[in-house]
Engineer: 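Below is one structure. I have some questions about it.
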Protein chains: 2
Amino acid sequence: MDKDSKNKSKNKNSPVTIKDIARMAGVSITTVSHALSGERYVKEETRQKILKIIKDNNYKPNIIARSLSKKTTRILGVILPDINNYIYTKILKGIEEETAREDYILIISSTYFDDNVETNQIERLNTLFVDGLLFIGGTKDIKHIIKANVRDLPVVLVRRPVEDSGYPKILVDNKKAIIEAVNFLLDLGHEKIGYIGGVDDQDKISIDKYNGYIKGLENNKIRPDSKNIFLKKGIMQDSHKESYDMINNYLKTNNKIDMTALICKTDYIALGALDAFQRNNLVIPGDLSILGFGNLDISEHSNPKLSTISIPFEQMGNTAAKILIESITNKKVKKETILFDTTILQRKSTQKLRMSFKS
Amino acid sequence: MDKDSKNKSKNKNSPVTIKDIARMAGVSITTVSHALSGERYVKEETRQKILKIIKDNNYKPNIIARSLSKKTTRILGVILPDINNYIYTKILKGIEEETAREDYILIISSTYFDDNVETNQIERLNTLFVDGLLFIGGTKDIKHIIKANVRDLPVVLVRRPVEDSGYPKILVDNKKAIIEAVNFLLDLGHEKIGYIGGVDDQDKISIDKYNGYIKGLENNKIRPDSKNIFLKKGIMQDSHKESYDMINNYLKTNNKIDMTALICKTDYIALGALDAFQRNNLVIPGDLSILGFGNLDISEHSNPKLSTISIPFEQMGNTAAKILIESITNKKVKKETILFDTTILQRKSTQKLRMSFKS
DNA sequence: CTGTTAGCGCTTTCAG
DNA sequence: CTGAAAGCGCTAACAG
């Protein structure tokens, strides 16, 4: 029994270890380990004694050592395109909630849509022995992910528009969302319903949304009216401005509108359109109901407040984390795709059609 | 020499280790270790050989093992109130940039302004042996941080409004910012400059800003005009709406304004005010110049686009990370406070006074 | 019910 | 210029 064992733990920079606890409790480190993990039975009396000593000395197991020994870290890697994007942080919050409960730690890193960065980060996280990988958003391609994932880590994809992945995916049903939006507007009495947004072959979301619009009308035996469809080929870059310009140009040449409601591919587009209409002295929602998509925080600050289709980002993140943790513990990865429904958030930019007869 | 050493590394789930590399290269693991770290000289020839084998076998050192041995992880803990807040993620981006360059890994967690959660997370990160802690935002109190920081980890505070901390702090000079804003407006010809925002004894930022306003005027021998000062005692909760109401009520009872420029404590407040003025048929910036504070992404989407005071969040995060890493490597922590300057972003909601004579 | 001991994969003396 | 071996703090057979 060495003599200076007691003062040792007083040093701030060398925390007390399992060995110290064992010594103080007069048991082996094995017993301490088991008292903590419950892996095997420890006599209640000694267990209590150990626990007390642990508490008194503020002992915390060294997770690094545990990880090395157990080959598992309870760390999850989250890879997303841009930490500054509200969509991803919403999803992140849902993930955080679940992982905190399950006592996992999160390592988050941004790729800025660069697949090479993504590859590097996967390798990096691999060497850190994360227990699983969560991808939020990102490019359509995942070949590099599969290739870089040497250890065959469990992976879950959230809101990543890949065709066929081999990994479980959490997505939103955009087509269904817009079909519902059409029905929603029809219920308010609207029949002349327009659509504005970009459509790009490479962007499945944009196609789903547009198809939802067409399908929604067809379901109700309404034929789309091309003059109320504002389409931009490709992806809108500065969508707020582009949308403003499209509507503004239209109004300058046509002087009036022949629709009573407009579905917008995103909130930004909706806000741009809203602005253009108002600048041209149309009253929203009196003359036209406008519906956005996404429920960005900014859509709460328009005037009138934007009605929009809200996406359950947090819930999606939550589910993603659940599935990931599940597949870490159960080892058998389910490769199913989970589709989340959206909700229509009725604020002030939409209203019943007949109410507009006042003017 | 055992016979099946070669196939072993082919197993996907048991990555190749330093031992494997050593065996393949016919050297000791010590040599491999040093070839990698450069800690001591290794004959160039063997070094190249080792490096090639490492590359061919895609060997990555196990960071967990390294950490256990070196008692340092190259992991940094970042604690912030809310991952969904644009301000924090901006700062985060600056941090990320620096830490990525320096090859540190980030563990990020949100507290939602709960000091207990914060305490837990510090302890958690402690057991994970992070090398340093970065606090973004949060409450005024840091006693629990000091208490929980058993290992005396290097700490840097960003945008946390504490009085005296003992930790290096990265802050913004709010008072100076508003003084500059006053000067900026004066340069545009404005003399009747108003102010709108909350003021709370407990909120140093709000006080600094208001004082900056008063001081800015005084510096130019202008006496503040109380009817142009819209103050709310305490913190504004729904600032956009509250601001809208304050202005709207004022206009309903006064019918006109007696100022030509208005400084707003935040962009949200500015946007609410902007809305109220426009609803009451005032032209911005024709009748009134409006200046926000913070440069939220949303302020780009108003009409007119909001002129605002921009805070160098990314730079602040960057510097914070630099200082933290510095104090990790140098061990001697500088406790200085670093004050960052702001920039006035002139967009469309402010203009020269005389231009408004057109109406 | 408990202890001994061999690792986990790496770094780092110490020794040559 | 290079190796052997101890050790980081913990877990988990194996042994009683």
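Lettering of chains follows the sequences in order, A, B, ..., and the numbering in each one begins at 1.
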Engineer: Is it true that a side-chain atom of B:N62 and a backbone atom of B:I64 form a donor plus acceptor pair closer than 3.5 Å?
Structural biologist: yes

Engineer: More than 12 heavy atoms of other residues, nucleotides or ligands under 6.0 Å from NZ of B:K93: is that the case?
Structural biologist: yes

Engineer: Does a side-chain heavy-atom distance below 4.5 Å link A:L106 with B:I108?
Structural biologist: no

Engineer: Can you work out whether B:A65 or A:G26 has the more 5'-proximal nearest nucleotide on DNA chain C?
Structural biologist: A:G26

Engineer: Base, sugar-phosphate, or nothing: which does A:Y59 touch, judged by heavy atoms less than 4.0 Å apart?
Structural biologist: sugar-phosphate

Engineer: With side chains defined as the heavy atoms from C-beta onward, is the minimum distance between A:I136 and A:I95 less than 4.5 Å?
Structural biologist: yes

Engineer: Taking side chain to side chain contact (heavy atoms under 4.5 Å, CB included) as the definition, give me every residue that meets it alongside A:L171, ordered by chain and number, with sequence neighbours left out.
Structural biologist: A:K169, A:T337, A:L339

Engineer: Output the residues of residues 67-75 of chain A in contact with DNA chain D, where contact means a heavy atom of the residue under 4.0 Å from an atom of the strand; sort by number or write none.
Structural biologist: A:S69, A:K70

Engineer: Could you name each residue pair satisfying salt bridge (Lys or Arg N to Asp or Glu O under 4.0 Å) that touches residues 64-77 of chain B, not counting sequence neighbours?
Structural biologist: none

Engineer: Sequence neighbours excluded, which residues qualify as side-chain hydrogen bond (donor to acceptor under 3.5 Å, both in side chains) partners of B:N58?
Structural biologist: none

Engineer: Just the endpoints, please: which first and last nucleotides of DNA chain C, 5' to 3', lie under 4.0 Å from a heavy atom of chain B?
Structural biologist: C:dG9 to C:dC14

Engineer: A:E96 side chain to B:S110 main-chain N or O, any donor-acceptor pair under 3.5 Å?
Structural biologist: yes

Engineer: With sequence neighbours excluded, what pairs up with B:N120 under the side-chain hydrogen bond (donor to acceptor under 3.5 Å, both in side chains) test?
Structural biologist: none

Engineer: With the threshold set at 4.0 Å, does a side-chain nitrogen-carboxylate oxygen contact exist between A:D103 and B:R124?
Structural biologist: yes

Engineer: Under the side chain to side chain contact (heavy atoms under 4.5 Å, CB included) test, which residues partner B:S33, sequence neighbours left out?
Structural biologist: B:I18

Engineer: Go through the structure and list residues passing side-chain hydrogen bond (donor to acceptor under 3.5 Å, both in side chains) with B:D131, not counting sequence neighbours.
Structural biologist: B:T72, B:T73

Engineer: Could I get the full list of side-chain hydrogen bond (donor to acceptor under 3.5 Å, both in side chains) partners for A:K43, not counting sequence neighbours?
Structural biologist: none

Engineer: Tell me if a side-chain donor or acceptor on B:N84 pairs with a main-chain N or O of A:K90 at a distance below 3.5 Å.
Structural biologist: yes

Engineer: When you measure from the side chain of A:S69 to the backbone of A:A65, do you find a donor-acceptor pair of N or O atoms at a distance under 3.5 Å?
Structural biologist: no

Engineer: On DNA chain D, reading 5' to 3', which nucleotide is the first and which the last to sit with an atom under 4.0 Å from a heavy atom of chain A, could you check?
Structural biologist: D:dG9 to D:dC14

Engineer: Between the opening five pairs and the closing five pairs of the helix from C:dC1-D:dG16 to C:dG16-D:dC1, how far apart are the helix axes, to 10°?
Structural biologist: 40°

Engineer: What are the residues of residues 27-46 of chain B, sorted by number, that bring a heavy atom to within less than 4.0 Å of DNA chain C?
Structural biologist: B:I29, B:T30, B:S33, B:H34, B:R40

